[in-house]
Every structure is written in structure tokens, then in C-alpha cells.
There are 2 protein chains.
Amino acid sequence: MLDAAVKVFSRRGFHAASMDEIAEDAGISKPMVYAYLGTKEELFVACLHREGTRMMQAIAGAAAPDLPADERLWRGLRAFFGFVGAHRDGWAVLYRQARGEQPFAGELATMRARLVEVVAGMLDHALRAEGREIAAIDLEVVAYALVGATESLADWLADHPDADPEKTATRMMNVAWLGAAQLLHGVTWRPPAD
Amino acid sequence: MLDAAVKVFSRRGFHAASMDEIAEDAGISKPMVYAYLGTKEELFVACLHREGTRMMQAIAGAAAPDLPADERLWRGLRAFFGFVGAHRDGWAVLYRQARGEQPFAGELATMRARLVEVVAGMLDHALRAEGREIAAIDLEVVAYALVGATESLADWLADHPDADPEKTATRMMNVAWLGAAQLLHGVTWRPPAD
DNA sequence: GCGTAACCCTACGCACGAGTAGGTATGCTC
DNA sequence: GAGCATACCTACTCGTGCGTAGGGTTACGC
């Protein structure tokens with residue numbers, strides 16, 4: 001039943017999706033949807049939660065914390081793109097729909113913040129291993145950029161059904177890790193004085 | 001008047017925004033909004049177009065095509081983050097709202113594709129200058145990732161009113177250019193064989 | 001056979017908001 | 001000052017869709 005909701009929400013968006021359509025798609029009648037899952041808002045939150053936790057679990061399950069940073073990043077990315085490839089509708093709900101709708105944006109932002117924190121922690125760990133340190137805010141921003149780049153590629157993947165998730169993950173590593181590794185080695189870019 | 005519309009759309013989203021509220025915020029009555037700008041949908045498209053072209057102009061004006069790639073990237077990024085910092089509402093409409101709403105997503109995707117193409121062109125140009133070449137699709141994906149990372153940081157900026165756009169642009173360069181420069185020099189990352 | 005309980009449906013009330021009809025004030029022409 | 005045009009408003013219609021009331025059907029106990 002949640003599957004039907006996710007499907008409809010992903011295609012129509014929260015407001016444009018009608019409970020009638022969701023009910024019809026699920027093969028039951030509207031009062032049943034209300035009986036089992038409450039109001040439209042609660043239904044959407046339920047979708048959000050399910051897809052969100054599924055995704056986080058997929059990533060956490062793949063990126064064991066005792067691996068070296070590049071290995072963790074690679075596995076996490078692979079799991080993430082794999083998830084998006086297999087749950088395109090769920091991803092669309094999370095990324096495209098929930099973002100703009102006021103009541104849910106916070107919910108999503110929290111989840112995203114957790115992800116950013118994990119990435120930032122990974123970078124920090126790797127940095128300390130190299131005997132370096134960066135201001136926490138810089139780390140957070142870099143992590144933010146990496147997460148954003150990844151989400152963007154995921155979106156690209158969602159729109160290209162025949163693309164290979166694994167290959168996309170490799171491409172992402174090429175952009176992300178090469179840059180991050182430079183940073184870890186103390187190489188930085190400075191603006192030209194103009 | 002468009003300012004009022006952008007403001008309301010950015011806070012509420014397309015569906016939740018009421019024409020009454022937009023009219024009130026603009027200091028006029030609803031029939032006037034209809035007289036000047038047509039239906040709600042047309043109004044939204046008008047907002048989208050204005051903010052979109054403003055943004056593209058800001059970027060295009062800063063990143064002259066005869067500069068070296070890193071300089072172009074830097075100036076483009078600076079202009080972009082400057083724009084977002086100055087038009088947070090407009091950015092929210094473009095990035096958070098228009099994306100999920102079916103009738104407008106295409107419009108936006110086109111604009112985004114232009115941006116990706118510009119970035120990809122830039123990378124390609126720099127690559128040829130180094131005597132190298134990469135498959136077009138790889139270039140596009142890398143460009144996509146860079147644009148995504150930038151958008152993500154822009155979003156971060158929009159949520160942190162006291163953050164400095166220029167500094168954010170510098171941070172973005174650190175992530176993007178260091179990685180891209182590696183790629184340009186032929187360094188690539190390969191997945192471990194497991 | 002009749003009560004009853006679990007289950008699910010059709011069909012509705014009601015609120016909200018897009019778009020409009022018709023009226024009012026202000027200024028301009030002759 | 002009468003006629004007219006422009007600019008704007010208040011107050012309405014009407015469609016849409018959320019949430020629910022009340023009724024039908026099946027299965028089981030007695």
C-alpha cells in the first residue's frame with residue numbers, strides 16, 4: 001500500500017496527488033487508506049520515513065566504520081546509487097517532492113544532516129590520520145558539497161533508467177575522492193588577487 | 001509584483017501559495033494580478049523565467065569565454081553564489097519548488113542542462129589544451145556532479161543568511177577544481193577488485 | 001434462522017481557493 | 001456638467017478533493 005502511495009506521490013507531487021488515485025492504485029478504497037495510515041500528511045510522512053530509513057540502512061550496512069576512508073566512501077556511494085537505481089520512485093519522493101513542502105522539509109533536512117555529518121566525520125578521521133586539521137565549518141561545507149554532488153548524480157541516474165549505478169558510483173568517486181584526497185594532503189586552492 | 005509572487009511561492013510552494021496572499025503581499029487586489037499576469041500557472045512561469053534569466057545573465061556576464069578554465073570557473077562560481085546570496089527567495093523557487101511540480105520541471109531541466117553543457121564545454125576545452133580526451137558522457141556526468149555540488153552549497157548558503165557568498169565560492173573551488181584538475185592531468189580513480 | 005461483529009464500500013459534507021462579474025471612484029474630453 | 005474611459009475593488013460562482021457517515025456483505029456463534 002505504501003508502494004502505491006510512493007508511486008503516486010513521486011509522479012504527481014504531494015498536493016497534486018489525490019487520495020482517490022492512491023487508493024485506486026493500491027486496489028482498495030479510500031476509507032481503507034484512512035483506516036490504516038491516517039491523513040494524507042501522515043501517509044506522506046510514512047512514505048518519507050520508510051524510504052529514508054531504507055536508504056540510510058543500505059548505506060550504513062555497506063560502509064563499515066572500520067574501513068579506510070576511501071574504501072568507506074566507495075562502498076557507501078555504491079550502496080547509495082544502487083538504492084536509487086532500485087527505488088527510483090522512492091528517491092523522487094525524498095529528493096524532489098519533500099524538499100519544497102514546508103511541513104516535510106525539516107524532516108528531510110534532519111536526515112540529510114545526518115548524512116553530511118557522517119561524511120564530515122569520515123573526512124575528519126582521514127585528516128587526523130594525516131596529522132592535519134581543518135576548521136569544522138569548512139569540513140561541513142565540503143561534506144555538503146560532496147553530498148550535493150552525489151544527490152545530483154542520483155537524480156541523473158533516476159532520469160536515465162538504462163544507466164549503470166555502479167558505473168555512476170565510480171564516476172562520483174573520480175570527482176569526489178580525487179578532490180578530497182588533495183585537500184587531505186594539504187593542497188588548497190586560493191582565489192586570485194584581482 | 002513579481003517580487004511578491006516569488007516571495008510567497010518560495011515560502012509556501014506552488015500549490016499552497018494562494019493568489020489572495022500574493023495579491024495582498026503585492027498591495028493590490030486579486031483581479032489586478034489576473035489582469036497583469038494571467039493565471040497562477042503563468043504567474044509561476046513568469047517568476048521562473050525572470051529569476052532564471054537573471055541568474056544565467058549574472059553567471060554569463062562574469063565568466064567570459066576567453067579566460068582560462070580555472071579563472072572562468074572561479075568567476076562563474078563567485079557570480080552564482082553572489083546571486084543566490086542576494087536572491088535567496090528566487091533561488092528557493094527555482095531549486096526547491098519548480099523541481100517537483102510536473103509542468104515546470106521540464107522548463108527548469110532545460111536551464112540546468114544549459115549550465116551543465118557550459119561546464120562540460122569548459123572541461124572539454126581544458127582537456128584538449130592538455131592534449132587529452134574523455135568520452136562525452138563522462139564529461140557530462142562530471143559536469144553534472146559539479147553543478148549538483150554547487151547547487152547544494154547554494155542551498156546551504158540560502159539557509160545561512162550570515163554566510164559569505166565569496167567564501168562559499170572559494171570553498172566550492174577547493175572541492176571542484178582540485179578534483180577536476182586531477183582528472184585533467186589524467187589521474188583517475190579505479191574501483192578496488194573485490 | 002437470527003443476532004452480531006468484522007470488514008469494506010458508495011456517496012456525501014464541507015472547506016478552500018482559482019478565476020470572474022459587476023460595481024465604484026477618479027480623471028479626462030467636449 | 002454630461003458622457004466616457006480607466007483603474008481598481010468587493011463579493012460571488014464553481015470545481016476539486018480531503019475526510020467521513022452510514023449502509024451493504026460475509027462469516028460466525030447460538
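Below, each value reflects all heavy atoms present in this structure, side chains not excepted, and no hydrogens, waters or symmetry copies. Chain letters run A, B, ... following the sequence lines, proteins first, then strands; residues in each count from 1.
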Problem set entry | Worked check of side chain to side chain contact (heavy atoms under 4.5 Å, CB included) between A:F14 and B:H15 | CA-CA 9 Å; A:F14 176 70; B:H15 284 282; over 6 Å; no

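Inter-residue side-chain proximity for A:L2 and A:L37 is flagged as met; some heavy-atom pair is nearer than 4.5 Å.
Between A:E21 atom CD and D:dT16 atom C1' there is a gap of 14 Å when expressed in whole angstrom units. Spacing between atom CE of B:M32 and atom P of D:dC8 amounts to 6 Å, rounded to whole angstrom units.
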Which atom pairs link the protein and nucleotides 17-23 of chain D when you take only N or O atoms and keep those under 3.5 Å?
{"unit_1": "D:dC18", "atom_1": "OP1", "unit_2": "A:A17", "atom_2": "O", "d": "3.2"}
{"unit_1": "D:dC18", "atom_1": "OP1", "unit_2": "A:M19", "atom_2": "N", "d": "3.4"}
{"unit_1": "D:dC18", "atom_1": "OP1", "unit_2": "A:K40", "atom_2": "NZ", "d": "3.1"}
{"unit_1": "D:dC18", "atom_1": "OP2", "unit_2": "A:M19", "atom_2": "N", "d": "3.0"}
{"unit_1": "D:dG19", "atom_1": "OP2", "unit_2": "A:Y34", "atom_2": "OH", "d": "2.9"}
{"unit_1": "D:dG19", "atom_1": "OP2", "unit_2": "A:K40", "atom_2": "N", "d": "3.0"}
{"unit_1": "D:dG19", "atom_1": "N7", "unit_2": "A:K30", "atom_2": "NZ", "d": "2.9"}
{"unit_1": "D:dG19", "atom_1": "O6", "unit_2": "A:K30", "atom_2": "NZ", "d": "2.7"}

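A perpendicular orientation is assigned to the rings of B:F80 and B:W91, their planes being inclined by more than 60° (bins at 30° and 60°).
Within the 3.5 Å criterion, the main-chain N or O of B:A17 finds a donor-acceptor partner in the side chain of B:K40.
To the nearest 0.5 Å, the span separating CG on A:L73 from CG on A:L67 amounts to 11.5 Å.
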